[in-house]
Chemist: 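Structure in C-alpha cells, see below.
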Amino acid sequence: MNTSERLVASLEALGVERMFGYPGGRVIELFDHLPDSSVELVRPRDEREASVMAEMHGRLTGKPGVLAGQGPWIGSLGLIGQMEARLASSPMVTITEASERGNYSTLAPYQQARGDYGGLDLPKILDGVTKEHWFPRTPTETVRSLQLAFKHAVSGRPGPTAVILDGDAVTAEFPEESTPKVWDDERQTATWKAAPSARDVAAATLALEGAERPVIVAGNGVHAANAYDELQSVAEAYDAAVVTSYLGKSTFPETHELAGGVIGSFGHEGANQLVSDADVLLVVGCRLNPMDTNWQAPTFIRPDEQTILHADIEPQNAGWVYPADVGLIGDAAETLRELADAGGNDNDWAGDAAQEAKKSFHAPECDSDSVPILPQRAVSEIQNVLDEDTIVTADSGNNRFWLLNYLQVPAVGTYYGSGGVGGMGWATPAAVSAALATDKHVVGVAGDGGFAMTMTSVETAVEHGVAPTFVVLNDTSLGMVRQMQHGPDDIAGVEFHDTEFTKVAEAFGAVGVRVETPDELADALADGKESDLPTVIDVRIDREQDMAETLQSSFYATVGGLHE
C-alpha cells in the first residue's frame, strides 16, 4: 500500500461519503484510488464551487466537508469556501499539494508551492485562513497529519484545516511499522466536549431567574453544536424571548411563540427592540460582530444597564465586544442543558413582546401583485413552498436581507446564508451540497450577479441526480451597490448584461423558467418542488425597491447607516 492508498483508507474509516474537488498536481495520485473506494467524488467546474460545497457539507452535517485539489488553485479559487468555513465555524478538511515533481519543482519558473525561489508560499497562504495546517514530508507524517486535520476541524470552535501533500511521499510505500506510530484513525480523531463550570452556571441561573425581561441571542454556535432542543428548553424554562444573529437564523423556529426574529443592521426592527429592552441577555454561540450589533449603536446593547451572560466554546469570544457579567465557556449544547436543568422563570413579558416583534416578518409589499415583482412578494411566494423539510440557502447582497426579513422559517436547521466572509456566489453550490447531503427539498436564492458567478453548479446537480430549485432575483445589476449611488452612474461597474438564465439552465440539462408575475412565480416554485431535475427560476424583480432604505435598522441609522 502506498501513501495515497492509505489516505483513502483513512477517509473511508472516518466515514467520509463524498469528497469535493478537482484533479490536478499530486492529488491525482489520491483521486486515482477513489474509484475503488466508498468515497464519491463530486467534481464541479472549478475549485471555488468545490470549496463552497465542502463548507456547506460541514456546516449542515457537523462532519468535516473534504476539499481536494492542486495547491495553487486551492490557495486561490478554493479559498472562498475555506474563508467562509473559518468565519462561519464550519468543519472542513482541505487536502492539497505543493505541486512537487522531483528536482524541477525547485527551479524557477516551474510551478511549485513551497515558497522557494520563483514559487508561491502555499503554507503561508493557508496559515491566514485555516485553524491549523500541516506540511508533512514522510508517509507516516502524511497520514498522521490527515488524522489531526479531521480532529482539529471539529474540536473546540469548528473550522477549516489543511494538509499539504509534498513530493514523492504521496506515492512512497506506507510502512507497516514506524516511529512515531500511526494509530487507528477513529481513536486518533476522537474529541471531547467542554462544559462551563458549576460556579458560572449558578451565576447565570441566578441572573436568569431574577430577570423581568430576559432575551436570548442565538448564534451560529447553536447550529454548530446541534443544540436546537437545548435552546428551546432554556427559552421555555426561563420564559425568555429568542432572537438570532444572521448566521443563527433557523436555530430556533421563527413560528414559536417566543421567537422574535433576527437582529442586526438590516434585521428585524422588532428583534432589535427586544434586545434593547432586555434587562438580562443570554448570548449563545454568537460573536456579536458589527452587523449583529448595529455597529455597536449606543442604545442597542448597554453593558452598564443590562446583565450580559455570554456562552461560547471559544474563551476569547466571551466578553470580546461587550463586557460580560458571566462567561459560560463550553459546547453550546452542554451549556444550555446545564442551564435548563438548573432553574426557571415565569414572566408576563416575553411572550407578548415576541409576538409584537414578529410583526416585522410581514409588510404590505409581501401581498403586492405589482409587475415587475416586488422582492418582498418574491420572498412571500418562497415562503408558501417552505415546510419543515425544505432547506434554503441564501447568497450575499440584497437578496439575503429580503430573505432575512420576510422568510419566517418554521423549523430548525433549514436556513443557511453566506454570512461568514459573506461572498457572492455561495448559495448555488451550497444548495447543490445540501441536496447531496440530505433528501430534503432545497431552494437556493441569489441575485443575478451572485448566480452568474457559480451557475455551473447547476450542471453538477444534473450530473449527480439532485434537483434543487434555484431562484434568481434578477434586477440586471449589482443591486446593493447600485442602490448605494448618490446619483446616476455614480459608481462604476454596477450594471449587468441581461443574461438569459433559462437558456443557460437548459444547456446544463436543467429546467429553466422566466417569470414576470407573482402567479407565474408561484407556479414555477410549485413545479420546481416536484421536479426530478434542477429548476432555475429567473425572477424579474422591481429594481427600484431600495433594500437599505426599506430595511435599515433604526439603531444602525443612528451611527450613520450604510453610508457612514
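Values below: every heavy atom of this structure, side chains too, minus hydrogens, waters and symmetry copies.
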Chemist: Verify side-chain contact (heavy atoms from CB on, under 4.5 Å) between Phe501 and Asn474, making sure each step is shown before the conclusion.
Modeler: CA-CA 10 Å; Phe501 292 118; Asn474 192 345; 3.7 Å; yes
Chemist: Is a side-chain N or O of Asn294 found less than 3.5 angstrom from the main chain of Met291, in a donor-acceptor match?
Modeler: no
Chemist: Have a look at Thr390 and tell me which of Thr414, Thr469, Val443 forms a side chain to side chain contact (heavy atoms under 4.5 Å, CB included) with it.
Modeler: Val443
Chemist: Should Leu403 and Tyr415 be marked as a side-chain contact (heavy atoms from CB on, under 4.5 Å) after you check the CA-CA gap, both sets of side-chain angles, and the distance that decides it?
Modeler: CA-CA 10 Å; Leu403 286 166; Tyr415 183 98; 3.6 Å; yes
Chemist: Looking only at side-chain N and O atoms, does Gln545 offer a donor or acceptor that is under 3.5 Å from a partner on Thr550?
Modeler: no
Chemist: Backbone N or O of Ala88 within a donor-acceptor pair of the Asn220 side chain at under 3.5 Å?
Modeler: yes
Chemist: Under the rule for salt bridge (charged side-chain N to carboxylate O under 4.0 Å, His left out), what residues qualify as partners of Lys529, not counting sequence neighbours?
Modeler: Asp387
Chemist: Is a side-chain N or O of Ser531 found less than 3.5 angstrom from the main chain of Asp527, in a donor-acceptor match?
Modeler: no
Chemist: Distance alone, cut at 3.5 Å: any donor-acceptor contact between the side chains of Ser457 and Glu49?
Modeler: yes
Chemist: Would you call Asp475 and Arg482 a side-chain contact if the rule is heavy atoms closer than 4.5 Å?
Modeler: yes
Chemist: Checking the side chain of His256 only, and the main-chain atoms of Leu258 only, is there a donor and an acceptor separated by less than 3.5 Å?
Modeler: yes
Chemist: Looking at Glu530 and Ala526, would you say the former's side chain and the latter's main chain have a donor-acceptor pair under 3.5 Å?
Modeler: no
Chemist: Does some side-chain heavy atom of Arg400 sit less than 4.5 Å from a side-chain heavy atom of Asp395?
Modeler: no
Chemist: Could I get the full list of side chain to side chain donor-acceptor pair (under 3.5 Å) partners for Asp312, not counting sequence neighbours?
Modeler: Asn317
Chemist: I need the single residue from Asp538, Val511, Ile537, Val515 that forms a side chain to side chain contact (heavy atoms under 4.5 Å, CB included) with Thr502. Which is it?
Modeler: Asp538
Chemist: Looking at Asp489, I'd like to know if its CG atom is crowded, meaning that more than 12 non-hydrogen atoms belonging to other residues, nucleotides or ligands lie closer than 6.0 Å.
Modeler: no
Chemist: Can you find a pair of side-chain heavy atoms, one from Leu120 and one from Pro72, that are under 4.5 Å apart?
Modeler: yes
Chemist: For the rings on Tyr228 and Phe252, is their centre-to-centre separation under 6.0 Å?
Modeler: no
Chemist: Suppose we screen for salt bridge (charged side-chain N to carboxylate O under 4.0 Å, His left out). Which residues come up paired with Glu47, at least two apart in sequence or across chains?
Modeler: none
Chemist: Start with the C-alpha distance between Val262 and Val243, add both sets of side-chain angles, then the distance that settles side-chain contact (heavy atoms from CB on, under 4.5 Å), and finish with yes or no.
Modeler: CA-CA 6 Å; Val262 182; Val243 298; over 6 Å; no
Chemist: When the aromatic ring centroids of His310 and Tyr322 are compared, is their separation below 6.0 Å?
Modeler: no
Chemist: Does the plane of the ring in Phe20 sit parallel, tilted or perpendicular to the ring in His57? Use 30° and 60° as the thresholds.
Modeler: tilted
Chemist: Would you please name every residue forming a salt bridge (charged side-chain N to carboxylate O under 4.0 Å, His left out) with Glu495, sequence neighbours left out?
Modeler: Arg543
Chemist: Walk me through whether Gln273 and Phe555 qualify under side-chain contact (heavy atoms from CB on, under 4.5 Å).
Modeler: CA-CA 9 Å; Gln273 194 60 54; Phe555 294 93; 3.8 Å; yes
Chemist: Could you tell me which residues satisfy ring pair (Phe, Tyr, Trp, His ring centres under 6.0 Å) with Tyr406, sequence neighbours excluded, listed by chain and number?
Modeler: none
Chemist: Would you call Arg514-Glu500 a salt bridge at under 4.0 Å N-O?
Modeler: yes
Chemist: Within a radius of less than 6.0 Å around CZ of Arg213, do more than 12 heavy atoms belonging to other residues, nucleotides or ligands occur?
Modeler: yes
Chemist: Over all heavy atoms of both residues, which pair between Gly267 and Leu404 is shortest? Give the atoms and the distance, please.
Modeler: CA-CD2, 3.6 Å
Chemist: Thr476 vs Arg540, test: side-chain hydrogen bond (donor to acceptor under 3.5 Å, both in side chains). Steps then yes/no.
Modeler: CA-CA 9 Å; Thr476 63; Arg540 297 303 168 130; 6.0 Å; no
Chemist: In chain order, what residues pass the ring pair (Phe, Tyr, Trp, His ring centres under 6.0 Å) check against His133, with sequence neighbours excluded?
Modeler: none
Chemist: Under 3.5 Å, is there a donor-acceptor pair between the side chain of Glu269 and the main chain of Ser554?
Modeler: yes
Chemist: Would you kindly say whether Gln376 and Asp367 are connected by a side-chain donor-acceptor distance under 3.5 Å?
Modeler: no
Chemist: Residues two or more places apart in sequence or in another chain: which of them pass ring pair (Phe, Tyr, Trp, His ring centres under 6.0 Å) with His362?
Modeler: none
Chemist: Which pair of heavy atoms, one from Arg86 and one from Thr130, lies closest together, and at what distance?
Modeler: NH1-O, 2.7 Å
Chemist: Which class fits the ring pair Tyr556 and Phe266: parallel under 30°, tilted 30 to 60°, perpendicular over 60°?
Modeler: perpendicular
Chemist: For Tyr22, give me all partners under ring pair (Phe, Tyr, Trp, His ring centres under 6.0 Å), at least two apart in sequence or on another chain.
Modeler: none
Chemist: Quick check: does any side chain N or O of Gln82 sit under 3.5 Å from a backbone N or O of Ile74, one acting as donor and the other as acceptor?
Modeler: yes
Chemist: Report yes if some heavy atom in the side chain of Leu386 is under 4.5 Å from a heavy atom in the side chain of Leu407; otherwise report no.
Modeler: yes
Chemist: Just wondering, do Leu67 and Val93 contact through their side chains at under 4.5 Å, heavy atoms?
Modeler: no
Chemist: Who pairs with Glu314 by salt bridge (charged side-chain N to carboxylate O under 4.0 Å, His left out), at least two apart in sequence or on another chain?
Modeler: none
Chemist: Looking at side-chain heavy atoms only, is the closest gap between Leu282 and Val284 below 4.5 Å?
Modeler: yes
Chemist: Can you list the residues that meet the side chain to side chain donor-acceptor pair (under 3.5 Å) rule with Glu381, with sequence neighbours excluded?
Modeler: Arg377, Asn384
Chemist: When you check the side-chain N and O atoms of Ser76 and Arg48, is any donor under 3.5 Å from an acceptor?
Modeler: no
Chemist: Report yes or no: does Asn405 contribute a side-chain atom to a donor-acceptor pair with the main-chain N or O of Phe401 at less than 3.5 Å?
Modeler: yes
Chemist: With sequence neighbours left out, what residues match Arg157 under side chain to side chain donor-acceptor pair (under 3.5 Å)?
Modeler: Ser89
Chemist: Give me the atom names and distance for the closest heavy-atom approach of His223 to Leu247.
Modeler: CD2-O, 3.2 Å
Chemist: Which distance, rounded to the nearest 0.5 Å, do you find between the NZ of Lys131 and the CE of Met92?
Modeler: 13.5 Å
Chemist: Taking Glu516's backbone N and O only, do any of them form a donor-acceptor pair with Glu520's side chain (distance below 3.5 Å, no angle check)?
Modeler: yes
Chemist: Is it true that the side chains of Ser368 and Ser370 contain a donor and an acceptor less than 3.5 Å apart?
Modeler: yes
Chemist: Verify, without hydrogens or angle tests, whether Glu305 (side chain) and Asp279 (backbone) share a donor-acceptor contact under 3.5 angstrom.
Modeler: no
Chemist: Which pairs would a plain distance check flag for residues 419-430, meaning a side-chain donor or acceptor within less than 3.5 Å of a matching protein atom at least two apart in sequence or in another chain?
Modeler:
unit_1	atom_1	unit_2	atom_2	d
Trp426	NE1	Glu55	OE1	2.8

Chemist: Are any of the side-chain heavy atoms of Val215 and Val280 separated by less than 4.5 Å?
Modeler: no
Chemist: Taking side chain as C-beta onward, heavy atoms only, is Thr161 less than 4.5 Å from Thr94?
Modeler: no
